[in-house]
Amino acid sequence: MGGIRIRHVKIPVTDLARSVGWYRDLLELALAAEFCEEGSLRGAQLMHPSGFGIALREREYCSSKPDLTGFDVVAFELDSVAELERVAARATELDYLHSEVVDRGEYGAFLDVTDPDGTVLRFLANNPLHAGRFVGVDADDSGAFTLYDTPKL
């Protein structure tokens, strides 16, 4: 297969206008499209200048009405821990719920930001997972983890 990249992720939301504003403000996205059904607005497409987008759809009109509360449905790789700190500062400035930046050294760093519906956006830097390398992660109930190198699948 030739080049492949993710064009957008689609996230179910309960209040389209609120979520469009939230995502635009946090990620500096532009409104690229709106989607109506029989004259009623049901979804929107937001785009980053890099070509990546986030699509939002009113949960009431999604198949099975998915609720992603507490789930990190998407992870964004940033260039550095300093960039994670910049996103955390932006979230603080906007009064958006977020974790602290957690830097685990060789295991990478992360920041979680929670959208108005409770869906978690994870931001990563220095992530050790990449094509050509296998890493197994075994987490215990306290959140501590150990790594292994032989796949179980």
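Keep in mind the model is a prediction, meaning the values are calculated, not measured.
Formation of a donor-acceptor pair under 3.5 Å by the Arg57 side chain with backbone atoms of Ile11 is not found in this model. Counting only distance, with no hydrogens or angles, the side chain of Arg133 and the backbone of Pro128 share a donor-acceptor pair below 3.5 Å. Using a distance-only test at 3.5 Å, with no hydrogens or angles considered, no donor-acceptor pair links the side chain of Thr119 to the main chain of Asp115. Not one N or O on the side chain of Arg59 forms a donor-acceptor pair closer than 3.5 Å with the backbone of Asp15.
In terms of heavy-atom proximity, Ala88 sits nearest to His98 at O-NE2, 3.5 Å. Contact between Cys62 and Pro12 at its shortest, heavy atoms only, is SG-CB, 3.9 Å. Smallest separation of non-hydrogen atoms from Glu34 and Leu41: CB-CD1, 3.6 Å.
Here CG of Leu16 is found 11.5 Å from OG of Ser40. Values are rounded to the nearest 0.5 Å. Rounded to the nearest 0.5 Å, atoms CG (Leu121) and OH (Tyr23) are 4.5 Å apart. Interatomic distance, Arg24 CZ to Leu46 CG, rounded to the nearest 0.5 Å: 7.0 Å. Distance CZ/Arg122 to CG/Asp112: 4.0 Å, rounded to 0.5 Å. The CG atom of Leu78 sits 8.0 Å away from the CZ atom of Arg86 when rounded to the nearest 0.5 Å. Distance check, rounded to the nearest 0.5 Å: CZ of Arg104 to CZ of Phe110 gives 5.0 Å.
Following chains of ILVMFWY side-chain contacts shorter than 4.5 Å, one can reach Leu111 starting from Phe76, so the two form part of one hydrophobic cluster. Linking ILVMFWY side-chain heavy atoms closer than 4.5 Å, directly or via other members, places Leu31 and Leu94 in a single hydrophobic cluster. Put simply, Leu124 and Leu129 are part of two different groups of oily side chains (I, L, V, M, F, W, Y) that touch within less than 4.5 Å, one to the next. Grouping the Ile, Leu, Val, Met, Phe, Trp and Tyr side chains by contacts below 4.5 angstrom, directly or via other members, places Ile54 with Ile6. Both Phe71 and Leu56 are members of a single hydrophobic cluster when ILVMFWY side chains are connected at heavy-atom separations under 4.5 Å.
You'll find the side chain of Tyr148 reaches within 4.5 Å of the side chain of Asp138, heavy atoms only. The side-chain heavy atoms of Leu26 and Tyr96, taken from C-beta on, include a pair separated by under 4.5 Å. Side-chain contact between Val13 and Trp22 is absent, with no heavy atoms from C-beta onward closer than 4.5 Å. A heavy-atom distance below 4.5 Å is not found between the side chains of Phe52 and Arg5. In this structure the side chain of Phe123 never reaches within 4.5 angstrom of the side chain of Val74, judged on heavy atoms. Side chains of Val135 and Asp149 form no contact here, defined as non-hydrogen atoms less than 4.5 Å apart. Residues Val101 and Val81 are in side-chain contact: their nearest non-hydrogen atoms beyond the backbone lie under 4.5 Å apart. Side-chain atoms of Glu58 and Thr14, non-hydrogen and from C-beta on, never get closer than 4.5 Å to each other.
The environment of CG in Asp140 is crowded: more than 12 heavy-atom neighbours from other residues, nucleotides or ligands sit within 6.0 Å. Enclosure of atom CD in Glu100 is not indicated, since only 12 or fewer non-hydrogen atoms of other residues, nucleotides or ligands lie within 6.0 angstrom.
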Q) Could you walk me through whether Arg42 and Phe35 pass the side-chain contact (heavy atoms from CB on, under 4.5 Å) check? A) CA-CA 6 Å; Arg42 300 288 186 243; Phe35 302 96; 5.6 Å; no
Q.
What verdict does the side-chain contact (heavy atoms from CB on, under 4.5 Å) test give for Glu28 and His48, after you've listed the backbone C-alpha separation in whole Å, the side-chain angles of each residue and the deciding distance to 0.1 Å?
A. CA-CA 7 Å; Glu28 300 170 353; His48 186 269; 5.7 Å; no
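For the pair Asp117 and Arg18, the salt-bridge criterion is met [side-chain N within less than 4.0 Å of a carboxylate O]. Here Glu85 does not pair with Arg90 in a salt bridge; the nearest charged N to carboxylate O distance is not below 4.0 Å.
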